[in-house]
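Input: a single structure, listed below in structure tokens.
FYI, the numbering just counts along the sequence from 1. What you see is a predicted model, and the numbers here were worked out from it, not measured in a lab. Values below: every heavy atom of this structure, side chains too, minus hydrogens, waters and symmetry copies.
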Amino acid sequence: MPELPEVEVVRRGLESWVAGREIASAEVLHPRAVRRNTGALADLLVGRTVLSAERRGKYLWLPLSVAEDALMAHLGMSGQLLMIEPEKPAEKHLRVRLGFTDGGPELRFVDQRTFGHLLVAPLAVRPSRNVPEPISHIAPDPFEDSFDDAEFAIKIRRRQTGVKRALLDQSLISGVGNIYADEALWRAKLHWARPTETLTSAKVAELLAAARSVMAEALGEGGTSFDRLYVNVNGESGYFDRSLAVYGRRDEPCPRCGTPVRRDAFMNRSSYSCPKCQPRPKNGRW
């Protein structure tokens, strides 16, 4: 599933292509893509102007003119937001298409597995930032100005869980998924099962720095693509997968010490770590 860097790549593309354009048409080709909307998408969008492109964590939204609401997008496992010339043939898994009054490239939502969706939702007014109501409960991501490092350190140490579980908890921090959690933990030399209550403030700061650095580097390379399901608005894949230290590298040498990377089952997924650089906690403690 796309994580913060991949979604930010898409957001930047959308910002340059759709901000300031008026929506002329909205066609739904698969009902699951708009399953959470109670009204017809065309009635909610046509005649309105896209003001900008915003993101929190793994969620995107396009604030709209006239009312305090936005078109929100969650990409799910395979969702793609593509800018395509109107005369181009429809993609096999095209779910929604938006046309604009200027006749330029249209916005297409393509989703092979139909786990993603689009939703017109009201914006929740918050002191720091207005966000769509459906995601108003999730925490800021570590690149937002409103993210408070000191508050995060207090909350994660109180959580009394494994540190990777905490990184994936969107009520604590949004945008970090399985890939970048493993990479950040490797950089901070922390095992994924390390109890959060044993972390010092300095170690939490090191972990946050590691998460920010690895996601910033991934963003610079267009994100991580293991297949053609994640692409930017131009249909291009990212290539940060070539720079991953441990994720998906089972039995390959750790880039730091040469020890073969270990894979463990974790929450119906996998965790990758270096047994030497990231030793497992003993008896559940550090």
Would [X] and [Y] pass as an ion pair if we require N to O under 4.0 Å?
X: Lys164; Y: Asp182; value: yes
X: Glu183; Y: Arg187; value: no
X: Glu206; Y: Lys203; value: yes
X: Lys155; Y: Asp169; value: no

Between [X] and [Y], is there a shared hydrophobic cluster once you connect ILVMFWY residues whose side-chain heavy atoms come closer than 4.5 Å?
X: Phe100; Y: Leu81; value: yes
X: Leu168; Y: Tyr272; value: yes
X: Val9; Y: Trp61; value: no
X: Phe143; Y: Phe152; value: yes
X: Met267; Y: Ile179; value: yes

How long is the straight-line distance from [atom2] of [Y] back to [atom1] of [X], given to the nearest 0.5 Å?
X: Glu8; Y: Leu60; atom1: CD; atom2: CG; result: 8.5 Å
X: Ile84; Y: Arg108; atom1: CD1; atom2: CZ; result: 5.5 Å
X: Ile138; Y: Lys58; atom1: CD1; atom2: NZ; result: 9.5 Å
X: Leu219; Y: Leu4; atom1: CG; atom2: CG; result: 8.0 Å
X: Arg36; Y: Met72; atom1: CZ; atom2: CE; result: 5.5 Å
X: Ser273; Y: Asp264; atom1: OG; atom2: CG; result: 5.5 Å

Practice item. Count the heavy atoms of every other residue, nucleotide or ligand shown that sit under 6.0 Å from CD of Glu217, and state whether that count exceeds 12. Key: yes

Check your understanding: Does CG belonging to Asp145 count more than 12 external heavy atoms closer than 6.0 Å?
Key -> no

Under a 4.5 Å cut-off applied to non-hydrogen side-chain atoms, are [X] and [Y] in contact?
X: Lys276; Y: Cys254; answer: no
X: Ser52; Y: Glu15; answer: yes
X: Asp69; Y: Arg48; answer: yes
X: Arg157; Y: Ser201; answer: yes
X: Trp192; Y: Leu167; answer: no
X: Glu106; Y: Glu27; answer: no
X: Phe266; Y: Arg165; answer: yes

Can you name the closest pair of heavy atoms from [X] and [Y] and give their distance?
X: Ala210; Y: Ala184; answer: CB-O, 3.5 Å
X: Thr198; Y: Arg194; answer: OG1-NE, 2.7 Å
X: Pro142; Y: Met215; answer: CG-CE, 3.7 Å
X: Pro255; Y: Trp186; answer: CD-CZ2, 3.9 Å
X: Glu3; Y: Val176; answer: OE1-C, 4.0 Å
X: Val233; Y: Gly13; answer: CG2-CA, 3.7 Å

[X] side-chain N/O to [Y] backbone N/O, donor-acceptor pair under 3.5 Å:
X: Arg249; Y: Leu244; result: yes
X: Gln278; Y: Leu190; result: yes
X: Gln80; Y: Val110; result: no
X: Arg32; Y: Thr114; result: yes
X: Arg159; Y: Ile156; result: no

Practice item. Let me see the working for Leu64 and Ile23 under side chain to side chain contact (heavy atoms under 4.5 Å, CB included), right down to the final yes or no. Key: CA-CA 10 Å; Leu64 301 167; Ile23 299 170; 4.3 Å; yes

Review point. Quick one: which of Glu68, Glu133, Glu54 gives a side chain to side chain contact (heavy atoms under 4.5 Å, CB included) with Leu123?
Key: Glu68

Exercise for review: Please assess Val50 against Trp17 for the test side chain to side chain contact (heavy atoms under 4.5 Å, CB included), listing each intermediate value before the final yes or no.
Suggested key: CA-CA 10 Å; Val50 177; Trp17 278 103; over 6 Å; no

I'd like to know if the side chain of [X] pairs up with that of [Y] as donor and acceptor (distance under 3.5 Å, no hydrogens or angles considered).
X: Ser174; Y: Tyr59; result: no
X: Ser25; Y: Arg97; result: no
X: Glu6; Y: Tyr180; result: yes
X: Asp111; Y: Ser78; result: yes

Review point. Would Val18 and Met83 satisfy side chain to side chain contact (heavy atoms under 4.5 Å, CB included), going step by step from the backbone distance to the final call?
Key: CA-CA 9 Å; Val18 303; Met83 301 304 306; 3.8 Å; yes

Exercise for review: Would you check, one step at a time, whether the test side chain to side chain contact (heavy atoms under 4.5 Å, CB included) holds for Leu98 with Leu71?
Suggested key: CA-CA 11 Å; Leu98 302 183; Leu71 175 62; 3.7 Å; yes

Review point. Knowing that exactly one of Arg55, Arg129, Arg56, Arg11 qualifies, which makes a salt bridge (Lys or Arg N to Asp or Glu O under 4.0 Å) with Asp141?
Key: Arg55

